[in-house]
Number of protein chains: 2
Amino acid sequence: MDFARKLKPHHLKLMVKISETAKLQFAADSIGMSQPAASRTLAEIETDIGAPLFIRSPKGMYPTPIGEAFVRHAQSILSGFETLESEVEGLGRGEMGEVKVGSVTGPAIRCLVPAILEIKKASPDIETTIEVGPSTEMVRRLEQAHFDFIIARLPHDYDSRAFHILPARSEVVSLLVRDTHPLAQESQVSLDDLSCYDWTIQERGSPIRSAIEEAFATNGTKIPSHITNTSSLVVMLGLLERSNTIAPLAEEVANMLTGPATGANLCTLNLDRKIMVSPYFVIMERGKQLSRAAERLLDAVLSRF
Amino acid sequence: MDFARKLKPHHLKLMVKISETAKLQFAADSIGMSQPAASRTLAEIETDIGAPLFIRSPKGMYPTPIGEAFVRHAQSILSGFETLESEVEGLGRGEMGEVKVGSVTGPAIRCLVPAILEIKKASPDIETTIEVGPSTEMVRRLEQAHFDFIIARLPHDYDSRAFHILPARSEVVSLLVRDTHPLAQESQVSLDDLSCYDWTIQERGSPIRSAIEEAFATNGTKIPSHITNTSSLVVMLGLLERSNTIAPLAEEVANMLTGPATGANLCTLNLDRKIMVSPYFVIMERGKQLSRAAERLLDAVLSRF
DNA sequence: AAGGCGCATCCCAAAAATGGTATGATGGCA
DNA sequence: TGCCATCATACCATTTTTGGGATGCGCCTT
């Protein structure tokens, strides 16, 4: 029993080669050893096993049934070693692996999607998972190690020392309307022009909602009284298409929706000021060692900030 | 490159043990070597690879992504060595081989039993081991190389790329009752007729239970309120014999129980629809080399799908 | 601050694996 | 019969591996 103890890939290769070439000399040559060495190696394995693997003939060697089984398994084991090597090397070079990131919508479109496309192009074997959701959820799941890193706002009630926080970027709000909206063609509109329209905004407490409310407040304008609350993009689009509602969205999202790809008949209002929402950050667990793959994605993301 | 050159089964075992125990000392003990030797061995492998496989913490060692990949492949390679050994030994003793399979109940009766009978008839010396249990357990044990292959459902939380998955078959549920059951003679019954009876079903989360609940839900019928939970066939039979309970079982199992062999006074209800449970598959480790005996059984099983 | 736990390192020795050259042995073939 | 191809053996030198024991170092717990 356990004759496998001593078997190194080299030995297995030899056995496979013997069965392929039927000549000890060729087999030995092909893996760079001398014929006597090969002979002895084979003999040792056979005595360990207690049975001959090849029967010798003046024309060469051919396998016994046991030898056949041995070679069959040896091939499989060797291929296991090969995939082990290639996977480990791939991981070492960061060409392979798995990255999980979470993000809020704005940067997901602006940074994450292009970054992922870049990475995938260079290393298609990297497996990426992107989840999009509110900051609080992203942070919570980061803590539970669901993500390598996230792009999100930093909730106040978290100890920021537990995280490693990378450069911030502020988000700008665009006001989206359908292109038949009365104000769509105006070269410039002010907040005062807007308060009498219907608005479709995310729920109270969301960053964009807060930014909008703050903008109206500092301007001294009455906050719009007709507001539909939803964080569902689908609902927003439905309302936008069929009414003159105004929907504030992250600039990146608005650009995507008004761009050529979607073909929707939407446009943004030219507001006379910028409305900024609280900035978002790249957040990761302090001290966590990122995988190479995650590092590469992180670099790609940061270069787009 | 080719760091695998020196790797003997011993080394692979050590790596696997380290990842299992998280303690170098325990790992070393379990394979009969001293802690310093293990430390050095690990260090050597790591420098060969050029990357750490485990990160050290005061509580022990846990694997890096590369380490995980290494261990995963190591397990597979080790299982290759094991089957190599066992097949070679078997052949050396003049035996035909050994097959170990796992299965969930339905196909065990439908496919596996006839297949084994066929194989045994042709080659009585083949030693077969069949274990029956829930899919999750079967898959877990397949990963640990306890089985040559299994017939089971594919749990969602496993990376299906790690396995080789062969054709699927859906299971149909039969509703079993005793032959004196009020509905036994009906030529056709509907779900609505059934919700007022006692049911004996497997625990929540089991595939059959889910299928039943889904059937009632889509039908808009109240789910039976009197349910006895058990996965024990014995208990089920006991209840069936002594009460008007309805027991849903895989069709194959029900057919066997209502067949002439058992002589039990049970029958199946003629439900007006088919209730399907999620399909099962033949699952094996990707790249694993089956023994001849296992191959033959697999062929016999597949021909019965 | 002390003690415990867990891994790393150093030193040393024994064993084994490796490998090469020269040479022997055997069966087939001309 | 004599030669050739093929594997086996003997002998020798070297390298690699393996292992044990003692000890150092870092971190957490008490």
Side-chain angles (χ1 to χ4, degrees), chain A residues 2-64 66-67 70-71 74 162 286-289, chain B residues 2-64 67 70-71 81:
Chain A
D2 73 9
F3 54 82
R5 240 172 341 125
K6 316 180 185 176
L7 295 177
K8 294 206 287 210
H10 203 192
H11 299 131
L12 303 179
K13 267 193 206 112
L14 178 60
M15 297 301 115
V16 172
K17 285 291 180 189
I18 294 177
S19 98
E20 278 174 6
T21 63
K23 300 275 192 299
L24 196 53
Q25 182 69 64
F26 296 168
D29 287 351
S30 78
I31 60 172
M33 70 195 299
S34 67
Q35 175 268 321
S39 174
R40 189 163 41 100
T41 304
L42 169 57
E44 272 166 12
I45 294 175
E46 284 178 325
T47 56
D48 279 349
I49 289 180
L53 294 181
F54 294 91
I55 53 180
R56 282 71 166 169
S57 90
K59 310 194 168 184
M61 303 188 144
Y62 57 95
T64 63
I66 296 185
F70 189 106
V71 168
R286 182 167 293 282
K288 164 152 179 172
Q289 170 78 32
Chain B
D2 73 9
F3 53 83
R5 238 173 340 122
K6 317 181 184 176
L7 294 177
K8 294 205 287 214
H10 202 79
H11 298 129
L12 303 180
K13 265 192 207 115
L14 177 60
M15 296 301 117
V16 171
K17 285 291 181 187
I18 294 178
S19 96
E20 279 174 5
T21 63
K23 300 274 192 299
L24 195 54
Q25 181 70 62
F26 296 168
D29 287 350
S30 77
I31 60 172
M33 71 194 299
S34 67
Q35 175 268 320
S39 174
R40 200 186 37 191
T41 303
L42 169 58
E44 272 165 12
I45 294 176
E46 284 178 329
T47 58
D48 279 349
I49 289 180
L53 294 181
F54 293 90
I55 72 171
R56 282 70 165 171
S57 90
K59 307 197 166 182
M61 302 189 146
Y62 56 97
T64 62
F70 190 106
V71 168
F81 275 114

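Predicted model, so just to flag it, every value in this text is computed and none were measured. Naming: A, B, ... by sequence-line order, numbering from 1 per chain.
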*Which nucleotide span of DNA chain C, 5' end to 3' end, has atoms closer than 4.0 Å to non-hydrogen atoms of chain B?*
C/dG6 to C/dT9
*Tell me whether the OP1 or OP2 atom of D/dC7 has a side-chain N or O from A/Ser39 closer than 4.0 Å.*
no
*Would A/Phe70 and A/Ile49 satisfy side-chain contact (heavy atoms from CB on, under 4.5 Å), going step by step from the backbone distance to the final call?*
CA-CA 10 Å; A/Phe70 189 106; A/Ile49 289 180; 3.7 Å; yes
*Find the distance A/Tyr62:OH to D/dT6:P and express it as a whole number of Å.*
16 Å
*asked:* Applying side-chain contact (heavy atoms from CB on, under 4.5 Å) to B/Met33 and B/His10, what does each step give before you reach the verdict?
replied: CA-CA 10 Å; B/Met33 71 194 299; B/His10 202 79; 4.0 Å; yes
_Please give me the minimum heavy-atom distance between A/Leu53 and A/Glu46, naming the atom from each residue._
N-OE2, 2.7 Å
*Return the value, rounded to whole Å, for the distance between atom CD1 of B/Ile55 and atom P of D/dC27.*
13 Å
_Spacing between A/Gln35 atom CD and D/dA5 atom C1', to the nearest angstrom_ = 11 Å
*Would you kindly give the CE-to-C1' distance between B/Met33 and D/dT17, to the nearest whole Å?*
10 Å
_So if I take residues 13-25 of chain A and measure heavy-atom distances to DNA chain D, which residues fall below 4.0 Å?_
A/Ala22, A/Lys23, A/Leu24, A/Gln25
*asked:* Among residues at least two apart in sequence or on other chains, which ones pass side-chain hydrogen bond (donor to acceptor under 3.5 Å, both in side chains) with A/Gln25?
replied: A/Asp29
*Within this structure, what is the CE-to-P distance between B/Met61 and D/dG26, rounded to whole angstrom?*
16 Å
*Just by distance, do the side chain of B/Thr47 and the backbone of B/Gly50 share a donor-acceptor pair under 3.5 Å?*
no
*When the distance from NE2 of B/His10 to P of D/dT17 is rounded to whole Å, what number comes out?*
14 Å
*Would you indicate whether the side-chain heavy atoms of B/Met61 and B/Thr21 approach each other to under 4.5 Å?*
no
_Nearest-angstrom distance from the residue atom CZ of A/Arg40 to C1' of D/dT6_ = 18 Å
*Provide the closest heavy-atom pair for B/Ala28 versus B/Ala38 in the form atom of the first, atom of the second, distance.*
CB-CB, 3.7 Å
*Can you check the B/Arg56 CZ to D/dC28 C1' distance for me, whole Å?*
19 Å
*asked:* Give me the atom names and distance for the closest heavy-atom approach of A/Ala4 to B/Phe81.
replied: CB-CD2, 3.7 Å
*Verify, without hydrogens or angle tests, whether A/Ser39 (side chain) and A/Gln35 (backbone) share a donor-acceptor contact under 3.5 angstrom.*
no
